**Student:** 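Let me begin by handing over the structure; questions about it come next.
Being a predicted model, the structure only gives us computed values, none of them experimental.
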Amino acid sequence: MIQVVWYKRDLRTVDHVPLATAAVAGPMLPLYVVEPDYWQLPDVSRRQWLAHRSALAELSERLATLGAPLIVRTGSVVEVLEKIHRAVGIQRLLAHEETGNLWTFERDRAVSAFCRGAGIDCLEVTQTGVLRGFGEGARDRWAARFARFAGGLVVPEPTHLIPVARAKTVPLPSANDLGLSEDGCAMPQLGTRTVALSLIESFLAGRGANYRRGMSSPLSAAKVCSRLSVPLATGAVSVREVMQRLTTVRDSYLELPMAERPVPITAIDSLISRLHWRGHFMQKLESQPDLETRAFHPVHESLRVETPPDDPKLLAWAEGRTGLPFVDACMRSLIATGWLNFRMRAMVQSFASYHLNLDWRRSGERLARLFTDYEPGIHWPQVQMQSGQTGINTPRIYNPVKQGLDQDPDGRFTRRWVPEVADLPLAVLQTPWLSDRCSTLNYPPPIVDPTVAAREARARLTAARSEAGYRDAAHEVFRKHGSRRRRMEDDGTRRARASARGKANAPEQFGFSLDLMAGED
């Protein structure tokens, strides 16, 4: 029996159900298809391909060691499978489900249709705990299902693979081969398993000691956060393997005095909770794939005004030229590094949507391209949430000046990324337009008055929420997508731990609503 193991964003050999299943059955062809059309989409970028390419190179070496080298082809997946089927006769296609963008959703449907038409048995399994075919009312049971998945077997790497004879491959293309132009990120984070395992161990060895306190500031977050988002996005390591490693170490720390624990148990619990949060948000897009283009709430969709791609405000925001130093510092840092901590991601999206009144789809595409760790299932629901499109989350309108004062109190981050204002005293660093030197600075005036813009944004929200039927529609959004968890802070540690172990009595109401605030922060 000839089997094809189709790799997508699951670039690993450990905890890979399709690979392990095929290994038991006989000859296989591990396949990765480079899809040029995908890499020309408006939400993908060079930095993402470089992260994926690093994981593919490592995967290729490992598969060759196991006996069945990775076969790389370029083109449409359906056309590639058709050629392979004509050449060797595929009996079974095995793959992980992917919660990607709309393009990959339609591609997966096309592959399924091809397999049905060709008489090929197609096996797809979840790799994240996110469920396809999410039925009516199933959100109420989602947490328990995710807990069972997270506590399930981490599938061992096969000891030996039987290859399909005479399978041909091509070299992995460069970013230039795919037409991906330079994007300002000189050294994007690698997406490999080696990197992932190193990050897990360094976090547990002490790097994550100040995780809870340091995750909010862009100064400290780059060090204390797990930084696992890139290898999780490439699938070089599975979320199940990460969660079980964290849980195992956490439980071992219970035997140690507090002074001897490299990181507090609360830090590990918080990271476990974030991994649950990851699955909770990915399920939203899996349950409603058009969230990439259509607002959660129909009133917000009907009121949305298109922003042209050359809109001056959009370009100023995307390039870090708004005249608000902390916003510009965050955007310039993201452009250069491909990563930004979560709170600052929320702030820059909130600023684009509320203060600048930009269409969330256009700003969301720009941010997606900048994130090396772009995960559509997290990105698009979060873009909508931070833009006030859901109807069920308390709007958060960040004050960019206050955020700069709070998260960069000594100005180091701002001075590094916005050198035009580096010589200003701290008192006016976040408000250079108030400095008596403002006319001599090579820095633009603020694109909006942040106080006035926030007031206007609140007025728009109030008007939208007064529309007929708003509350009823919001109820439907919550029924389909809302978190069932009521007391995140009170029992977060207990529930996260129980869910990670996959206990039979794991609570069903798990989710991260992130309803942390009201008004202007």
**Student:** Just grab all the ring-ring contact (aromatic ring centres under 6.0 Å, His included) pairs involving residues 193-229, residues at least two apart or on different chains.
**Tutor:** Phe203-Tyr211
**Student:** Applying side chain to side chain contact (heavy atoms under 4.5 Å, CB included), can you list everything that pairs with Ala346, at least two apart in sequence or on another chain?
**Tutor:** Gln386, Tyr398
**Student:** Taking atom types as modelled, find out whether Thr390 and Asn393 have a side-chain donor-acceptor pair closer than 3.5 angstrom.
**Tutor:** yes
**Student:** Using the test side-chain hydrogen bond (donor to acceptor under 3.5 Å, both in side chains), find all partners of Arg460 that sit at least two apart in sequence or belong to another chain.
**Tutor:** Asn357
**Student:** How would you list, by chain and number, every residue that makes a salt bridge (Lys or Arg N to Asp or Glu O under 4.0 Å) with Lys8, sequence neighbours excluded?
**Tutor:** Asp108, Glu124
**Student:** Holding to salt bridge (Lys or Arg N to Asp or Glu O under 4.0 Å), I want the full list of residues that pass it with Arg109, two or more places apart in sequence or in another chain.
**Tutor:** Glu106
**Student:** Under the side-chain hydrogen bond (donor to acceptor under 3.5 Å, both in side chains) test, which residues partner Arg227, sequence neighbours left out?
**Tutor:** Gln189
**Student:** Under the side-chain hydrogen bond (donor to acceptor under 3.5 Å, both in side chains) rule, collect the residues that match up with Glu97, sequence neighbours excluded.
**Tutor:** none
**Student:** Just to verify, what does Tyr374 make a ring pair (Phe, Tyr, Trp, His ring centres under 6.0 Å) with, not counting sequence neighbours?
**Tutor:** His379
**Student:** Apply side-chain hydrogen bond (donor to acceptor under 3.5 Å, both in side chains) to Asp311 and list each qualifying residue two or more places apart in sequence or on a separate chain.
**Tutor:** none
**Student:** Considering residues at least two apart in sequence or located in another chain, which fulfil the salt bridge (Lys or Arg N to Asp or Glu O under 4.0 Å) criterion with Arg366?
**Tutor:** none
**Student:** Do we see a donor-acceptor contact under 3.5 Å between the side chains of Arg12 and Gln127?
**Tutor:** yes
**Student:** Just checking, any donor-acceptor pair under 3.5 angstrom between side chains of Arg212 and Ser270?
**Tutor:** yes
**Student:** Tell me every residue that passes salt bridge (Lys or Arg N to Asp or Glu O under 4.0 Å) with Asp43, counting only those two or more places apart in sequence or in another chain.
**Tutor:** none
**Student:** Among all residues two or more places apart in sequence or in another chain, which pass the side chain to side chain contact (heavy atoms under 4.5 Å, CB included) test with Leu441?
**Tutor:** Val421, Leu424, Pro432, Tyr443
**Student:** Measuring centre to centre across the rings, with the benzene-like ring taken for any Trp, is Tyr38 within less than 6.0 Å of Trp103?
**Tutor:** yes
